[in-house]
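Within every chain, numbering begins at 1; the chains are lettered A, B, ... in the order of the sequence lines, protein sequences first and strands thereafter.
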Protein chains: 2
Amino acid sequence: MDKKRSDCPISCSLDVIGDKWSLLIIRDVMLRGKMSYSEFLKSEEGIATNILVSRLAILEDEDILVREVAPANKSKYIYSLTQKGADLMPVIIELMDWGAKYNKNCPRKELGQKIKKDKAAVVRELSKVLKNKVK
Amino acid sequence: MDKKRSDCPISCSLDVIGDKWSLLIIRDVMLRGKMSYSEFLKSEEGIATNILVSRLAILEDEDILVREVAPANKSKYIYSLTQKGADLMPVIIELMDWGAKYNKNCPRKELGQKIKKDKAAVVRELSKVLKNKVK
DNA sequence: TATTTGTACTTGCATTTTGCAACAACAAAT
DNA sequence: ATTTGTTGTTGCAAAATGCAAGTACAAATA
């Protein structure tokens with residue numbers, strides 16, 4: 001890890017995930033069931049290959065993601081959330097809520113609607129789901 | 001604003017505040033009562049002057065902060081949160097909680113303890129407080 | 001067996017952002 | 001008249017990002 005700018009917990013969090021890409025990878029794993037390099041590459045935002053490699057390495061190094069060889073295909077890797085990674089879920093949910101509220105071109109889909117109606121319930125349910133997937 | 005990478009609300013949020021500095025400025029205004037360029041400069045993370053100027057301009061442009069001439073001193077500016085800026089509070093709280101949970105050198109202070117005990121209450125109370133300060 | 005496809009990268013280079021240090025404009029205070 | 005405080009600007013170096021092409025190697029296909 002880079003050296004920290006301060007001991008403020010917000011600053012510490014941003015030291016790790018304060019960029020335009022890391023949380024999109026987390027989103028893909030957490031909410032879209034994506035698990036591999038090639039799936040992340042396909043996301044509509046269009047991350048570059050070198051950035052993706054670099055971010056995956058950082059996220060693994062920070063114990064946010066875990067990398068394992070795919071059982072079905074030895075030349076494939078599978079990325080999963082750790083508990084630390086899963087604990088970013090509320091951050092993701094809040095970013096989604098704020099983004100949907102202030103961007104006209106971001107229509108709320110099922111999850112967005114549910115968040116607007118009862119955010120706490122969404123967080124509770126997702127927390128349960130993720131707990132069973134965590135590595 | 002830059003052009004958006006996608007219509008995903010998370011991606012849209014990160015387009016605006018997905019960097020290492022913006023949310024620290026918001027933190028200073030939201031939680032530390034800071035209101036001016038020179039106060040932001042003093043924060044322990046040590047933001048550079050050109051970055052600070054650039055971020056303040058973006059945050060103002062995005063209607064997250066409002067800049068006004070200080071009543072007491074015409075050569076001073078005062079930055080305040082808009083409702084859109086204040087609505088970032090839950091994001092900040094979640095980042096604080098996550099950062100405190102996973103960084104040993106980030107001891108929870110009063111607010112951190114309160115968040116750990118009853119996050120929803122903190123969000124509710126802060127939301128009330130901020131509503132009275134919003135420009 | 002030879003070739004193609006899929007998957008996960010690496011490399012090189014241009015562009016953009018960040019970091020650092022010094023300097024500038026201007027009002028208020030001394 | 002000079003100093004201090006406040007909000008910047010400028011120049012340059014370093015780091016991060018973006019883009020395009022190439023590589024390594026296992027699995028699938030012909």
Side-chain angles (χ1 to χ4, degrees), chain A residues 1-6 11 14-26 28-29 32-62 65-80, chain B residues 1-6 11-26 28-29 32-62 65-80:
Chain A
M1 180 172 63
D2 293 356
K3 67 167 167 286
K4 291 196 272 183
R5 291 174 293 175
S6 80
S11 167
L14 293 173
D15 283 341
V16 179
I17 54 158
D19 69 271
K20 296 209 185 308
W21 293 109
S22 297
L23 287 176
L24 291 186
I25 298 173
I26 309 277
D28 283 351
V29 181
R32 299 185 175 181
K34 298 195 176 188
M35 304 170 66
S36 66
Y37 176 93
S38 52
E39 287 176 305
F40 303 143
L41 257 195
K42 282 179 206 146
S43 284
E44 51 187 349
E45 290 86 10
I47 190 170
T49 60
N50 53 345
I51 309 287
L52 178 53
V53 168
S54 150
R55 284 301 172 286
L56 287 173
I58 292 172
L59 292 173
E60 195 185 351
D61 197 57
E62 291 287 338
L65 294 180
V66 168
R67 190 177 77 156
E68 297 169 307
V69 174
N73 182 338
K74 287 178 191 171
S75 73
K76 190 171 181 174
Y77 291 115
I78 286 193
Y79 294 88
S80 317
Chain B
M1 180 172 62
D2 293 357
K3 67 167 167 287
K4 291 195 273 185
R5 290 173 294 174
S6 80
S11 167
C12 290
S13 294
L14 293 174
D15 283 342
V16 179
I17 53 156
D19 69 89
K20 295 209 186 308
W21 294 109
S22 298
L23 286 176
L24 290 186
I25 297 172
I26 309 277
D28 283 351
V29 181
R32 299 185 175 181
K34 299 196 177 186
M35 303 170 68
S36 66
Y37 176 95
S38 52
E39 287 177 304
F40 302 143
L41 258 196
K42 281 178 208 148
S43 284
E44 52 187 347
E45 290 85 10
I47 189 170
T49 60
N50 53 346
I51 309 286
L52 177 54
V53 168
S54 150
R55 283 301 171 284
L56 287 173
I58 292 172
L59 293 174
E60 195 185 350
D61 196 56
E62 291 286 339
L65 293 181
V66 168
R67 188 178 78 157
E68 297 169 308
V69 174
N73 182 338
K74 287 177 190 170
S75 75
K76 191 171 181 173
Y77 290 114
I78 286 191
Y79 294 87
S80 318

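Atom P of nucleotide dT18(C) and atom CZ of Arg5(A) are separated by 11 Å, given to the nearest angstrom. Following rounding to the nearest Å, Asp15(B) (CG) and dT17(C) (P) show an atom-to-atom distance of 12 Å. As rounded to whole Å, 10 Å separates atom C1' of dA16(D) from atom CD1 of Ile58(A). The CD-P distance, from Glu68(A) to dA8(C), rounds to 14 Å in whole Å. Atom NZ of Lys20(B) is separated from atom C1' of dT18(C) by 11 Å (rounded to the nearest Å). Protein atom OH of Tyr77(A) is 14 Å distant from nucleotide atom C1' of dG6(C), rounded to whole Å. Computed from coordinates, the Lys76(A) NZ to dA24(D) C1' distance equals 18 Å when rounded to whole Å. Remark: P of dA8(C) and CG of Leu59(A) are 16 Å apart, rounded to the nearest angstrom.
Closest to the Val53(A) side chain, of the nucleotides dG18(D), dT10(C), dT18(C), is dT10(C). Checking dA8(C), dC9(C), dT17(D) against every side-chain atom of Tyr79(A), the shortest atom distance belongs to dC9(C). In the set dC9(C), dT17(D), dT7(D), dT17(D) carries the atom at the smallest distance from any side-chain atom of Trp21(A).
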Name every donor-acceptor pair, under 3.5 Å, that has one atom in a side chain of residues 47-55 of chain A and the other anywhere in the protein, sequence neighbours excluded.
unit_1   : atom_1 : unit_2   : atom_2 : d
Arg55(A) : NE     : Asp19(A) : OD2    : 3.2

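Dashed line: the shortest gap from a side-chain N or O of Arg67(A) to OP1 or OP2 of dC9(C) is under 4.0 Å. OP1 or OP2 of dA16(D) has not a single side-chain nitrogen or oxygen of Arg55(A) nearer than 4.0 Å.
For Arg67(A), the side chain to side chain contact (heavy atoms under 4.5 Å, CB included) partners two or more places apart in sequence, or in a different chain, are Glu60(A), Tyr77(A), Tyr79(A). Annotation: side chain to side chain contact (heavy atoms under 4.5 Å, CB included) contacts of Ala70(A) (sequence neighbours excluded): Lys76(A), Ile78(A). Residues forming a salt bridge (charged side-chain N to carboxylate O under 4.0 Å, His left out) with Glu68(B) (at least two apart in sequence, or on another chain): Lys135(B). Residues passing the side-chain hydrogen bond (donor to acceptor under 3.5 Å, both in side chains) test with Ser11(A), sequence neighbours excluded: Ser6(A).
Over its full length, the helix from dT1(C)-dA30(D) to dT30(C)-dA1(D) turns its helical axis through 0°, comparing axes from the five pairs at each end and rounding to 10°.
Note that the OG atom of Ser22(B) and the CG atom of Leu59(B) stand 5.0 Å from one another [nearest 0.5 Å]. For the atom pair CD1 (Ile25(B)) and CD1 (Ile17(B)), the distance works out to 12.0 Å, reported to the nearest 0.5 Å. Atom CG in Leu56(B) sits 12.0 Å away from atom CG in Asp61(B) (nearest 0.5 Å). Interatomic distance, Leu65(A) CG to Ser80(A) OG, rounded to the nearest 0.5 Å: 8.0 Å.
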Give the intermediate values and the outcome of side chain to side chain contact (heavy atoms under 4.5 Å, CB included) for residues Lys34(B) and Val29(B). CA-CA 5 Å; Lys34(B) 299 196 177 186; Val29(B) 181; 5.5 Å; no
Letter per nucleotide, 5' to 3', of nucleotides 25-30 of chain C [B base touched, S only sugar-phosphate touched, - untouched; heavy atoms, 4.0 Å]: --SS--
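Heavy atoms of Ser36(A) sit under 4.0 angstrom from primed sugar atoms or phosphate atoms, though from no base atom.
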Report all interatomic pairs (protein N or O, nucleotide N or O of nucleotides 20-22 of chain C) with separations under 3.5 Å.
unit_1  : atom_1 : unit_2   : atom_2 : d
dC20(C) : N4     : Asn50(B) : OD1    : 3.3
dC20(C) : N4     : Asn50(B) : ND2    : 2.6

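The existence of a salt bridge linking Arg5(A) and Asp15(A) is confirmed by a sub-4.0 Å separation between a basic side-chain nitrogen and an acidic carboxylate oxygen.
Residues from residues 37-45 of chain A that place a heavy atom under 4.0 Å from any atom of DNA chain D: there are none.
For the pair Leu56(A) and Asp19(B), nearest-nucleotide mapping onto DNA chain C gives the more 5' position to Leu56(A).
Each salt bridge (Lys or Arg N to Asp or Glu O under 4.0 Å) pair with one or both residues in residues 35-49 of chain B, not counting sequence neighbours, appears once here: Arg27(B)-Glu45(B).
A donor-acceptor pair under 3.5 Å is formed between the side chain of Lys20(B) and the backbone N or O of Leu14(A).
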